[in-house]
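Structure record follows, encoded as structure tokens.
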Amino acid sequence: MGKPVENRVSGNIEPQSAQYRCVGIGVGPANLSLASLLHGRAETPNLFLDQKERFGWHDNQQIPGASLQVSLLKDLVILSDPTNGFSFLSYLHEQGKIYHFINAQYDAVPRREFRNYLEWASRRNENIVFGEKVVAVEFDDARDTFVVHTGRRTVTAENICVGVGTTSWVPEHARDKLGDTQFHVSDFIDGKRPGLAGKRIAVVGGGQSGAEAFLDLISRAPQELPRRVTWISRRGNYFPIDDSPFTNEYYTPSYSEYFAGVDRAVRESLNSRHVLSSDGISESTLREIYQRCYEHRFIEGTQDLLALLPNRGVTDVSGNESGGWTIEMGHNDRPGVVEYVDVDTIVWATGFRPASTEFLAPIESRLEREGDEYRIDRDFAVQWDGPRDRLIFMQNAARGQRGLADPNLSLTAWRSRRILDRLLGVGSDEQLPSFVEWSAKPPVDDLDAL
């Protein structure tokens with residue numbers, strides 16, 4: 001133990017912990033991947049902190065029947081270290097169910113099973129601590145070290161890695177109305193899902209989360225069905241995810257490197273054009289929804305149960321005389337035309353935004369920005385005015401600089417390996433490049449000069 005230091009946030013005098021090579025802030029899949037790759041490396045003491053009392057991963061959005069949209073090989077470690085003991089296959093084997101999983105012949109991993117795998121990985125790693133919130137990060141120039149203040153103690157680190165993930169987002173006109181009858185889909189399971197029988201429900205959002213909520217609502221037993229379910233989406237239709245081989249090249253290290261090297265305006269355009277490669281709806285989900293629609297209309301005769309309203313943007317929400325809500329919508333193809341629908345409950349499946357990093361406030365002025373993001377280098381380290389060997393890594397926080405794959409599970413293990421290599425001062429063997437030549441070749445004259 002070192003000498004006592006003052007916690008500048010609380011004013012308390014606290015014992016100084018041994019300095020860590022890396023302190024991670026947040027324990028979602030991103031930092032959990034790095035913690036798994038660091039585990040067992042005595043030469044690299046590390047600590048990962050999360051304010052939650054226990055591990056969680058979209059727990060209130062784990063709708064029965066939902067499955068991952070990525071391969072089971074895109075777990076915490078396999079794509080960077082296939083022999084690592086924190087792999088999904090290691091989890092299945094340790095739990096004694098690997099043969100059962102194989103025999104189940106899942107087309108895709110059940111999302112709740114993957115969540116259980118992540119929790120397993122967090123439990124077996126003694127360097128992960130839950131129930132400890134990081135309130136401030138400072139940099140002590142005299143000692144050349146980061147000082148991390150939590151609600152319990154102060155620790156020091158040569159490097160920090162921020163992986164606080166995302167938080168739910170709803171439109172501004174809904175934020176002061178959230179509660180039991182308006183809520184984000186991330187709260188769908190939290191006591192709200194069972195109480196919707198006989199109600200008029202609107203699901204707003206045309207991505208996978210909205211599709212799963214809509215499917216769940218229209219798939220219930222007759223006595224548990226809502227009165228009516230309306231699915232509203234800004235998109236022109238309910239579009240499938242593009243999961244074809246060449247589209248999946250967007251989720252490889254070589255494309256991430258290419259993406260990082262083009263101009264910002266080009267990157268913004270690429271993310272917009274390719275959004276359905278990450279935010280489309282699984283074809284199996286769409287097929288099941290269509291089948292439910294067929295059954296309700298033509299077999300059960302419940303023709304008034306559902307309404308599909310794509311190509312519309314919600315412009316306002318207001319309370320009405322019946323105690324419910326009136327949704328105001330504009331039609332994308334009919335400017336000036338306004339539509340209304342009355343409902344009892346609204347489920348907002350409107351996505352997520354990066355979570356707050358207010359704990360970086362003491363050093364915020366020293367960090368470079370690029371739009372809403374911190375500017376990072378090729379190893380996901382923030383560019384700042386501090387020592388070059390003292391690094392602030394950002395996980396899952398560079399969609400604008402690294403593309404749609406950045407918040408996706410696809411490159412989690414690769415990104416963590418890149419960070420680990422920078423911490424250790426080594427270079428790992430890269431996988432073979434893409435079949436696709438993304439970058440333009442230099443002119444012949446330039447080649448001759450080389």
Side-chain angles (χ1 to χ4, degrees), residues 28-30 33 67-80 107-109 111 114 163 165-166 205-211 234-286 351-354 370-373 375-380 394-419 428-441:
S33 169
S67 58
L68 284 186
Q69 291 183 297
V70 299
S71 165
L72 63 83
L73 297 178
K74 295 181 176 181
D75 67 0
L76 297 174
V77 294
I78 281 181
L79 294 181
S80 288
D107 292 329
V109 179
R111 195 177 298 153
F114 198 78
T166 58
Q208 181 70 17
S209 296
R234 290 181 305 172
R235 294 176 181 169
N237 203 340
Y238 302 104
F239 292 116
I241 190 170
D242 186 346
D243 195 30
S244 55
F246 284 101
T247 295
N248 277 323
E249 288 288 325
Y250 297 147
Y251 297 85
T252 60
S254 57
Y255 184 78
S256 178
E257 300 283 44
Y258 164 75
F259 185 95
V262 299
D263 293 340
R264 181 178 174 185
V266 175
R267 297 198 302 266
E268 291 175 353
S269 175
L270 289 171
N271 277 344
S272 177
R273 281 156 40 198
H274 301 154
V275 67
L276 290 177
S277 67
S278 72
D279 197 33
I281 304 168
S282 297
E283 287 197 28
S284 59
T285 304
L286 288 172
F352 297 83
R353 299 292 186 274
E370 181 167 314
D372 295 333
E373 300 175 350
R375 180 175 288 118
I376 59 169
D377 65 17
R378 68 185 304 271
D379 296 323
F380 299 90
M394 300 298 297
Q395 298 245 50
N396 187 13
R399 186 176 182 270
Q401 298 170 78
R402 280 290 182 169
L404 298 169
D406 191 67
N408 187 282
L409 290 172
S410 295
L411 293 182
T412 296
W414 169 76
R415 181 178 57 208
S416 291
R417 185 75 204 195
R418 178 65 69 84
I419 293 171
S428 296
D429 293 334
E430 293 286 351
Q431 294 297 301
L432 296 174
S434 169
F435 294 133
V436 181
E437 296 183 17
W438 297 111
S439 297
K441 292 182 178 179

Exercise. What is the distance from atom OG of Ser269 to atom CZ of Arg264, rounded to the nearest 0.5 Å?
Worked result: 14.0 Å
Problem set entry | Close side-chain approach of Ser284 and Asp107, heavy atoms under 4.5 Å | no
Exercise. Is a side-chain N or O of Ser416 found less than 3.5 angstrom from the main chain of Ala413, in a donor-acceptor match?
Worked result: no
Problem set entry | Steps toward side chain to side chain contact (heavy atoms under 4.5 Å, CB included) verdict (Ile241, Ile281) | CA-CA 5 Å; Ile241 190 170; Ile281 304 168; over 6 Å; no
For this session: State, to 0.1 Å, how close Phe259 and Arg399 come at their nearest heavy-atom pair, and which atoms those are.
Result: CE2-O, 4.0 Å
For this session: Might you confirm whether atom CD of Gln431 has over 12 heavy atoms from other residues, nucleotides or ligands at distances under 6.0 Å?
Result: no
Problem set entry | Neighbour count >12 (heavy atoms, 6.0 Å) for atom CZ, Arg375 | yes
Exercise. Just wondering, do Ser277 and Leu404 contact through their side chains at under 4.5 Å, heavy atoms?
Worked result: yes
Exercise. Is the Tyr250 ring parallel, tilted or perpendicular to the Trp438 ring (thresholds 30°, 60°)?
Worked result: tilted
For this session: Heavy atoms only: give me the nearest Leu411-Tyr251 pair and the separation to one decimal.
Result: CD2-O, 3.5 Å
For this session: Flag this pair as yes if the NZ/CZ of Arg402 is under 6.0 angstrom from the six-membered ring centre of Phe380 and inside a 45 degree cone about the axis; otherwise no.
Result: yes
For this session: Look up atom CG in Leu76 and atom OG1 in Thr412, then write down how far apart they are to the nearest 0.5 Å.
Result: 7.5 Å
For this session: Please answer whether the main-chain N or O of Gly205 pairs with a side-chain N or O of Arg234 as donor and acceptor at a distance below 3.5 Å.
Result: no
For this session: Look up atom CG in Leu286 and atom OH in Tyr238, then write down how far apart they are to the nearest 0.5 Å.
Result: 10.5 Å
Exercise. What closest approach, in Å, do Glu249 and Tyr255 show between heavy atoms, and which atom pair accounts for it?
Worked result: O-CB, 3.2 Å
For this session: Report the distance from atom CG of Leu79 to atom OG of Ser410, rounding to the nearest 0.5 Å.
Result: 8.5 Å
Exercise. How close do Pro240 and Glu283 get, heavy atom to heavy atom, and via which atoms?
Worked result: CB-CG, 3.9 Å
Exercise. Side-chain contact, heavy-atom cut-off 4.5 Å: Asp379 with Ile419?
Worked result: no
Problem set entry | Nearest heavy-atom neighbours spanning Gln401 and Ile376 | OE1-N, 3.1 Å
For this session: Could you tell me the separation between the CG atom of Leu409 and the NZ atom of Lys74, rounded to the nearest 0.5 Å?
Result: 9.0 Å
For this session: Would you please name every residue forming a side-chain hydrogen bond (donor to acceptor under 3.5 Å, both in side chains) with Ser428, sequence neighbours left out?
Result: Arg417, Asp421
Problem set entry | Salt-bridge present (Asp406, Arg415; N to O < 4.0 Å) | yes
Problem set entry | Exam field: side chain Asn248 to backbone Asp243, donor-acceptor pair closer than 3.5 Å | yes
For this session: Please round to the nearest 0.5 Å and tell me the distance separating atom CG of Asp75 and atom CG of Leu68.
Result: 10.5 Å
Problem set entry | Sole candidate of Ser278, Ser67, Ser282 that passes side chain to side chain contact (heavy atoms under 4.5 Å, CB included) when paired with Gln208 | Ser282
Seminar exercise, completed: Closest non-hydrogen contact found for Arg235 with Leu276 is NH1-CD2, 3.6 Å
For this session: Taking atom types as modelled, find out whether Ser244 and Thr247 have a side-chain donor-acceptor pair closer than 3.5 angstrom.
Result: yes
